[in-house]
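In what follows, a structure is listed as structure tokens, so that the remarks can point back to it.
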Protein chains: 2
Amino acid sequence: MYNCDVKRMDEKIKTFSTFGDAGHGGITRYSLSPEAHMARDYFVKRMEAIGATIETDDMANMYATLPGSEPGLKRIVMGSHADSVRNGGNYDGILGVIGAMEVLEAIAAENIPHRHPVTAMIWTNEEGSLYPPAMMSSGVVCYDYLPEDIAKKFKKENMLASKSVLDKTTTFGDALNASPYKGDEKNRLNPNDYMAMFELHIEQGPILEDAGKDVGVVTCVLGMFNYRIRFFGQSDHAGTTPMHKRQDALYAAAQALCYLHEEIDKLGRPELVYTTGEIVCHPNVHTVIPDMIDFSIDVRHEDPKVLEQVLAIVKSLPNKEWARCKCEVEMAWQRDTVYFDKELVQYVKESADELGASNQYINSGAGHDAQFASYMIPTTMIFVPSKEGHSHCEPEYTPVESCTEGASVMLNAVLKADKK
Amino acid sequence: MYNCDVKRMDEKIKTFSTFGDAGHGGITRYSLSPEAHMARDYFVKRMEAIGATIETDDMANMYATLPGSEPGLKRIVMGSHADSVRNGGNYDGILGVIGAMEVLEAIAAENIPHRHPVTAMIWTNEEGSLYPPAMMSSGVVCYDYLPEDIAKKFKKENMLASKSVLDKTTTFGDALNASPYKGDEKNRLNPNDYMAMFELHIEQGPILEDAGKDVGVVTCVLGMFNYRIRFFGQSDHAGTTPMHKRQDALYAAAQALCYLHEEIDKLGRPELVYTTGEIVCHPNVHTVIPDMIDFSIDVRHEDPKVLEQVLAIVKSLPNKEWARCKCEVEMAWQRDTVYFDKELVQYVKESADELGASNQYINSGAGHDAQFASYMIPTTMIFVPSKEGHSHCEPEYTPVESCTEGASVMLNAVLKADKK
């Protein structure tokens, strides 16, 4: 068994945390921003220092590769993303990059024998915070392998045209053209040159911490659906419209939201998660009765039958009475549960056991680039605990020892794959 | 008894409807916009055509005056506003301007004897749609007469600094300086030069239509309070946070909103109106649990005791359990019921009766410039029915015959006041 180095890990975590430091413990590091380029420069500097070769593809995904001992073998790749949400934390995404860099640095420092080339990777724009959608580059790179209804969301020309949510003008294509890291399409991750992919990530939830486990052996990314639920009422003056005449879309939506909680909770599925995270109100003026509410519902579970039960509740809304308002529901998107490669999952499990890292099987409620990659090449993920389960926010935290343990599990799992 | 002219009214209603025509039956005519200036130009053109003198004050309020037969008497003024909400209708505000113009045109056309000078007026920026707050100019002009807690919201320097809600940069002061209708402070409505004020307005509610009445004799503007209700939870990832660990501010707010409806309705006050018109959600992303919801509640009733009962319900919210979120409530503003001048109310009632216009006493749930003016000089209002009670929206409609009847009631009430 080999171990990664806490001091090297700490150095990388601390340094990456300075690129986009938002001043209160977290970062804002949008993809292809100046801060993100500083992070990429640092990746290049460290990887070149150990003799890795740097390549970039047409989506500015970056690949740093150490050659293996046997010519002609496919590469084993590890990686994640270096961009963050607005006021995000110092671990989501970047830990997978740091872990991949650390595996290469450990291999170089300790001259660990390996047959296959080993690659550390940065995926561009996983969060899609500035240029939606999320998982943009893995969507483009894995396009030909994705189910059709998912693939159609990732047509490269549409991605290039994606507008900045800040200035509503600059496109992702503009940012890409301005990046020194835009490279050649021939360098993309592909099944002819790559044998397997690993992604180390924080759990982003409280399950490992609550269970007192060091490492999560990820088996799948949960299936999910995302619907929009809309209510249409009548806009009228707050001071002059008697209550019994009103068609108040916000009251309708509030009732429906409570009803959804009641009915979904009745299914008695503690592992089911559902979220109404976004709400839009029109005209949203304190003296006017709202005539339109549009809210999102995001539902995730491994079992498609459970998702169907929840969907039936969502779809029943338009048949009920909601404060005299009309109700519509519309699918925004859905995905089936994506199971990771059984062999790679087993390598992760064995490595954790052999390292003495307490571990458990876990699924991923969040989406990751690994989930798209897994349609193309054998892929899996490794989770380390998130303090109090926080993520996509500044309190996000995982101790460096825990991060290093995750990287060590990845290193040994890579070496198991390398034997193949 | 004198009557106003349907044809002249129709001409004015139709012409004003072209200034800011939004293309589907209504208008968007922000105060001091090019469209609003076209409306003012038309006001000047018609008023000068009957020999009225035009004056404007430092808030660009406009006054068109026909002299009376006895020198030295105070003016009787009628008016309302010419600006609209976004995608508003063709009657709110502008009908009071049209009615005032019509009274002057009828007086001029029929040589109706009157002792006092008679003035038609346009108040600037009543809606406050582009530059908040609403009733800005009447607030500034009546500043010294308003209750202190209301007055402090209308300091002229703060009004001039009010920023456009569209470009967040241009101020009301900029718009005022660019207007050819900015005049002199000495021309402001004031109690030395003005004896009484009348404002004709659409009801903006369904009460007159439901009762089959032609005219509403307005007795007061309802007391009200406006509170902000906020919930603070914890932002976490939608896919990774178990339901029992969540502090979902939107779920908390939805439960509280339903609770408010239940508890307020238990008071059994059918004439009470309350509205939750505005809701803000943070971070408002479909994959993130909301950590902050801020919504408004606007409550109106004539009786302060009833308002206190509702306020007690609102203030009880922070003491209850709302999905593990913290709750705060904060007063945004409040006003007491404002009663109109009894004598003027009586003139309106008598005029309606004498004209054979079916009528009833009614209160105003909406705020109007007349309510601020009434702190300074004797003031009252006249309502005509709103089709289906709609207002602040494009379906807003009142037949021209009904508008004309309202103007005729105002004409005769003015002539009764003129006898004084």
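In what follows, chains are A, B, ... by sequence order, proteins preceding strands, each numbered from 1.
Among Lys245(A), Glu388(A), Gln255(A), His282(A), the residue making the largest number of heavy-atom pairs under 4.5 Å with chain B is Lys245(A). Of the listed residues (His392(A), His390(A), Glu271(A)), the greatest number of heavy-atom pairs within a distance under 4.5 Å of chain B belongs to His390(A). In terms of heavy-atom pairs under 4.5 angstrom with chain B, the leader among Gln204(A), Arg300(A), His261(A), Glu396(A) is His261(A). By number of non-hydrogen pairs under 4.5 angstrom with chain B, the leading residue of Ala134(A), Pro270(A), Ala238(A) is Ala238(A). Across Val221(A), Thr241(A), Val85(A), Ile279(A), the residue that shares the most heavy-atom pairs under 4.5 angstrom with chain B is Ile279(A). Note: Met243(B) leads Arg86(B), Arg228(B), Met243(B) in heavy-atom pairs under 4.5 Å with chain A. Counting heavy-atom pairs closer than 4.5 Å to chain A, the top-ranked of the candidates Leu250(B), Asp265(B), Asn284(B), Val280(B) is Asn284(B).
With a 4.5 Å cut-off on non-hydrogen atoms, Thr240(A) touches chain B through its backbone and its side chain both. Contact annotation for Phe295(B): neither backbone nor side-chain heavy atoms come within less than 4.5 Å of a heavy atom of chain A. Of the two parts of Val288(A), the backbone and the side chain both hold a non-hydrogen atom closer than 4.5 Å to a non-hydrogen atom of chain B. Only the side chain of Gln234(B) comes within contact range of chain A, with heavy atoms under 4.5 Å apart. Only the backbone of Leu272(B) comes within less than 4.5 Å of a heavy atom of chain A; no side-chain atom from C-beta onward does. Proximity to chain A is limited to the side chain of Asp210(B), based on heavy atoms less than 4.5 angstrom apart. Residue Ile297(A) does not touch chain B at all, counting heavy-atom pairs closer than 4.5 Å.
For the atom pair NE2 (His237(B)) and CD1 (Ile202(A)), the distance works out to 9.0 Å, reported to the nearest 0.5 Å.
Annotation for Gly239(B) and Val273(A): closest pair O-CG2, 3.9 Å, computed over non-hydrogen atoms. The two residues Gly277(A) and Cys281(B) make their nearest non-hydrogen contact at O-SG, 3.6 Å. The shortest heavy-atom contact between Cys393(B) and Ser235(A) is SG-O, 3.8 Å.
The side chain to side chain contact (heavy atoms under 4.5 Å, CB included) with His286(B) is formed by just one residue from the set Thr276(A), Asn226(A), Thr275(A); it is Asn226(A).
Within a 6.0 Å radius of NZ in Lys153(B), other residues, nucleotides and ligands contribute more than 12 heavy atoms.
Within the 4.5 Å cutoff, side-chain heavy atoms of Tyr251(A) are placed close to those of Leu257(B).
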